[in-house]
Amino acid sequence: MTSAQDFSHRLLQWFDNHGRKNLPWQQPATPYRVWLSEIMLQQTQVVTVIPYFQKFTERFPDINTLANAEVDEVLQYWAGLGYYARGRNLHKAAQIIQSKYQGELPANFDALVDLPGVGRSTAGAILALAFKKHYPILDGNVKRVLARHTAEPRWPGEKQAEIDMWQLAEELLPKQRINDYIQAQMDLGATLCTRSKPRCQACPLQSDCQAFQLGTPTEYPIKKPKKAVPHREIRWLVYAAKGQLLLEKRPSQGIWGGLWSFPEMPIDNEISHLLSKNDIIRFQNLPDIQHAFTHYKLTISPIYIELDNPVFGVADNDKQCWVKMDDIAALGLPAPTKTLVQQLARGF
DNA sequence: AAAACGGGGGA
DNA sequence: TCCCCAGTTTT
């Protein structure tokens, strides 16, 4: 027995004991009902879909009834399911099926994929579940099962990884019971091989599951690599005089809105003119501060400028004030500002 | 708050 | 052809 046959054999055996065989769209599994259920099941769980499916099929028992209805009524029956583009596409597809295929879903991959709302995986599910044709599916559940079984090192969103997973899904297809096998794949992913807390003890694929052998099934599929966040640099002017610091209130819009911080300027701004002031006692670079936001990384280069007197108008801004070190704690400060003030208080 | 999700649609 | 988005749920 080849490994592929063994894989499907174990899955089918598990399906016989634990699979879902009494879902509303499985009795009977007509092409229309399978199609409708697959659309409803996109991004929506079985328990949520069931009552909608029942109401929907009562009102729209076949494709022609659906095609002849107003889209608004279709959407009323969709209300609460979310992703309403699915409902619109479903209705549009029904009209295409009516006019182009005499109201019967085509048992043909290319024709199915051409329908709005039907992609490769949904077409595969319809062909396998309703027409018993040998097509694979690769939805989120199956991706998870396969990624774990092979300990797939690449993120499945990566082009080549996805191509390879489709190929594997195809190679694993059994010669017999294609519909049960596809249902079994979905059931395994939904009930056993779940995203968190997979029940590997009960899994028929445990013996050769690479992720299980590594002891880290939940590490798969590996997460989308987060793209490098943009990096920005700014300069802070830390004016100090007689135990006071010059702070300014930040604009209410934007980062740290309305909080007090140091006067800020672009990193590449000329600063030599600041040096020429004759009331400057000391002028020195302070260590850079790194700050991470969710969407970018910020490097702050503060310059310490000590004056003999707390004069105004040193920076070009009217929302500034001199604050005694001891009074600063009462103000709302961004985290890096607070840290810098504390370092200054300790004299670094 | 962040990732996941299947297909649509734009580059 | 490839990549990213819209809209929603789950972790």
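Per chain, numbering begins at 1; letters A, B, ... match sequence-line order.
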When you measure from the side-chain N and O atoms of A/Thr44 to the phosphate of C/dT9, is any distance below 4.0 Å, counting only OP1 and OP2? no
Counting just side-chain N and O atoms, does A/Lys159 come under 4.0 Å of either OP1 or OP2 of C/dC2? yes
Could you give the [atom1]-to-[atom2] distance, from [X] to [N], as a whole number of Å?
X: A/Leu90; N: B/dG6; atom1: CG; atom2: P; answer: 17 Å
X: A/Tyr52; N: C/dT9; atom1: OH; atom2: C1'; answer: 14 Å
X: A/Ile137; N: B/dG6; atom1: CD1; atom2: C1'; answer: 12 Å
X: A/Met40; N: B/dC5; atom1: CE; atom2: P; answer: 22 Å
X: A/Met186; N: B/dG6; atom1: CE; atom2: P; answer: 11 Å
X: A/Leu138; N: B/dG6; atom1: CG; atom2: C1'; answer: 11 Å
X: A/Ile163; N: C/dT1; atom1: CD1; atom2: P; answer: 10 Å
X: A/Asp114; N: B/dG8; atom1: CG; atom2: P; answer: 10 Å

By nearest-nucleotide position on DNA chain C, the 5'-leaning member of A/Ser196 and A/Leu81 is A/Leu81
Assert: residue with more 5' nearest nucleotide on DNA chain C, out of A/Gly157 and A/Arg195, is A/Gly157
DNA chain B in dot-bracket form (Watson-Crick or G-U pairs under 3.5 Å, [ ] crossing, | inter-strand) is |||||.|||||
Heavy-atom nearest pair, A/Pro156 first then A/Glu162, reads O-CB, 3.5 Å
Grouping ILVMFWY residues whenever side-chain heavy atoms fall under 4.5 Å, the cluster of A/Trp155 otherwise contains A/Leu214, A/Tyr220, A/Ile222
Charged N to carboxylate O under 4.0 angstrom, [X] versus [Y]?
X: A/Lys132; Y: A/Asp180; answer: no
X: A/Asp164; Y: A/Arg154; answer: yes
X: A/Arg59; Y: A/Glu73; answer: yes
X: A/Arg10; Y: A/Asp6; answer: yes

Checking C/dT10, B/dG6, B/dC5 against the side chain of A/Arg144 (C-beta onward), the nearest is B/dC5
Close N or O pairs between protein and nucleotides 5-7 of chain C (under 3.5 Å):
from, atom 1, to, atom 2, distance (Å)
C/dG7, N2, A/Tyr83, OH, 2.5
C/dG7, N3, A/Tyr83, OH, 3.3

Between A/His91 and A/Trp78, does the ring pair (Phe, Tyr, Trp, His ring centres under 6.0 Å) criterion hold? Intermediate values first, please. CA-CA 11 Å; A/His91 181 243; A/Trp78 205 271; over 10 Å; no
Next on the checklist: Here's one to test your reading of the geometry: is the NZ or CZ of A/Lys175 within 45 degrees of the ring axis of A/Tyr181 and under 6.0 Å from its centre?
Outcome noted: no
Lys NZ or Arg CZ of A/Arg250 over A/Trp260 ring: under 6.0 Å, within 45° | no
